[in-house]
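Note that the coordinates shown come from a computational prediction; the quantities given were computed from them, not determined experimentally. Side chains are part of it too, since the values below use all heavy atoms of this structure and drop only hydrogens, waters and symmetry mates.
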Amino acid sequence: MLLTTSRKPSRRTRSLAKVLARFMNWRYINRGKLSLNELFKLTSDDGLAIIEEVKGNPAILKIINPKDESILLKIRFNVSNVTKVKMDDSPVVFIGKVPFDPVLLGAIPQSKAGLKLARKVDFKKKVFVRRSDEFYIFEFYYKDLMVFKMKVKRDGIRYGG
């Protein structure tokens, strides 16, 4: 998957985009003046992810299908401070009840086989998912170090446009 940002991202948005791309094993490109059509030409069949800003802060993650340019997943979030960590290309596993299919993000599926594999293998990249009454909290860990925390309102996750 290819990850980019809005046209003129803040330093905080660029930092999150680079760390998220590295964590999820995606490819990050600096958008610059590229239009959406030019971005779709650069993507593979996996998809395009765009981080957008609200008031200078990273706030929206869109996963777009490059074939028909439809939005597969839209997540409205707040993010904690990002810790830059040197990471490898190991697979990502979500632990906990995820409100969307992790395969959309290129992670291990939450099927019976995927959950069984997650119990048997100690993955380096883990995303712990917690739920409260109003929020989902995603904690991104590499080994035992928290890279960042993402807080998502329960109604902030949408499939499709």
Practice prompt. Can you see which heavy atom on Ile137 is nearest to which on Lys151, and at what distance?
Written response: CG1-CG, 4.4 Å
Discussion item. Just so I know, are the side chains of Leu3 and Leu61 near enough to count as touching, which here means a heavy-atom distance under 4.5 Å?
Written reply: yes
Worksheet item: Passes side-chain contact (heavy atoms from CB on, under 4.5 Å), Leu36 versus Arg31? Steps please.
Response: CA-CA 10 Å; Leu36 280 178; Arg31 177 149 177 204; 4.3 Å; yes
Practice prompt. Consider only side-chain heavy atoms of I, L, V, M, F, W and Y, link residues closer than 4.5 Å, and tell whether Phe100 and Val92 are in one cluster.
Written response: yes
Please tabulate, for side-chain N and O atoms in residues 77-86, each donor-acceptor pair with protein atoms closer than 3.5 Å (sequence neighbours left out).
unit_1	atom_1	unit_2	atom_2	d
Ser80	OG	Lys149	N	2.9
Ser80	OG	Lys149	O	3.4

Worksheet item: When you check the side-chain N and O atoms of Ser70 and Asp68, is any donor under 3.5 Å from an acceptor?
Response: yes
Worksheet item: Which pairs, with at least one residue in residues 99-111 and sequence neighbours excluded, count as a side-chain hydrogen bond (donor to acceptor under 3.5 Å, both in side chains)?
Response: none
Discussion item. Within the 4.5 Å heavy-atom criterion, are Phe123 and Ser90 side-chain neighbours or not?
Written reply: no
Worksheet item: Does any pair with a residue in residues 18-27 pass salt bridge (charged side-chain N to carboxylate O under 4.0 Å, His left out), and if so which ones, sequence neighbours excluded?
Response: Arg22-Asp89
Discussion item. Between Ile50 and Lys74, is there a side-chain heavy-atom distance shorter than 4.5 Å?
Written reply: no
Discussion item. Do Phe135 and Val152 have side chains that approach each other closer than 4.5 Å (heavy atoms only, starting at C-beta)?
Written reply: no
Discussion item. Looking at Arg12 and Pro9, would you say the former's side chain and the latter's main chain have a donor-acceptor pair under 3.5 Å?
Written reply: no
Response to the item:
Closest non-hydrogen atoms of Pro58 and Ile51, given as atom of the first, atom of the second and distance, are CB-CG2, 4.0 Å
Discussion item. Using every non-hydrogen atom in the two residues, find where Tyr28 and Ala17 come nearest and quote the distance to one decimal.
Written reply: CE1-CB, 3.6 Å
Worksheet item: Is it true that Val19 and Ile63 fall in one hydrophobic cluster, defined by side-chain heavy atoms closer than 4.5 Å?
Response: yes
Worksheet item: Quick one: does Ser10's side chain have a donor or acceptor within less than 3.5 Å of a partner on Gly56's backbone?
Response: yes
Worksheet item: Would you call Lys125 and Asn25 a side-chain contact if the rule is heavy atoms closer than 4.5 Å?
Response: yes
Worksheet entry | Side chain Glu53, main chain Thr13, donor-acceptor under 3.5 Å | no
Item to complete: Work out which heavy atom in Glu38 is nearest to a heavy atom in Leu34; give both atom names and the distance.
Response: OE1-CA, 3.2 Å
Practice prompt. Quick one: which residue pairs count as a ring pair (Phe, Tyr, Trp, His ring centres under 6.0 Å) with a foot in residues 6-26, not counting sequence neighbours?
Written response: Phe23-Phe140
Worksheet item: Can you list every salt bridge (charged side-chain N to carboxylate O under 4.0 Å, His left out) pair that touches residues 55-65, not counting sequence neighbours?
Response: Glu52-Lys62
Practice prompt. State yes or no: do Tyr159 and Val98 share one hydrophobic cluster built from I, L, V, M, F, W and Y residues joined by side-chain heavy-atom distances below 4.5 Å, directly or via other members?
Written response: yes
Discussion item. I'd like to know if Leu20 and Ile157 are part of one continuous hydrophobic network [Ile/Leu/Val/Met/Phe/Trp/Tyr, side-chain heavy atoms within less than 4.5 Å].
Written reply: yes
Item to complete: Please report the closest heavy-atom contact between Pro66 and Gly47, naming both atoms and the distance.
Response: CD-CA, 3.5 Å
Worksheet item: Which heavy atom of Ala49 sits nearest a heavy atom of Met1, and at what distance?
Response: CB-SD, 3.8 Å
Response to the item:
Sorted by chain and number, sequence neighbours left out, ring-ring contact (aromatic ring centres under 6.0 Å, His included) with Phe128 holds for Tyr141
Discussion item. Quick one, Arg131 and Arg154 - any side-chain contact, counting heavy atoms below 4.5 Å?
Written reply: yes
Practice prompt. Quick one: pull up NZ in Lys143 and NZ in Lys126 and give me the separation to the nearest 0.5 Å.
Written response: 12.0 Å
Practice prompt. Check whether any side-chain heavy atom of Asp155 lies under 4.5 Å from a side-chain heavy atom of Arg76, and answer yes or no.
Written response: no
Fill in: Hydrophobic cluster membership, Phe40 vs Ile71, 4.5 Å side-chain cutoff
yes
Worksheet item: Measuring from Leu2:CG to Leu42:CG, what's the distance to the nearest 0.5 Å?
Response: 6.5 Å
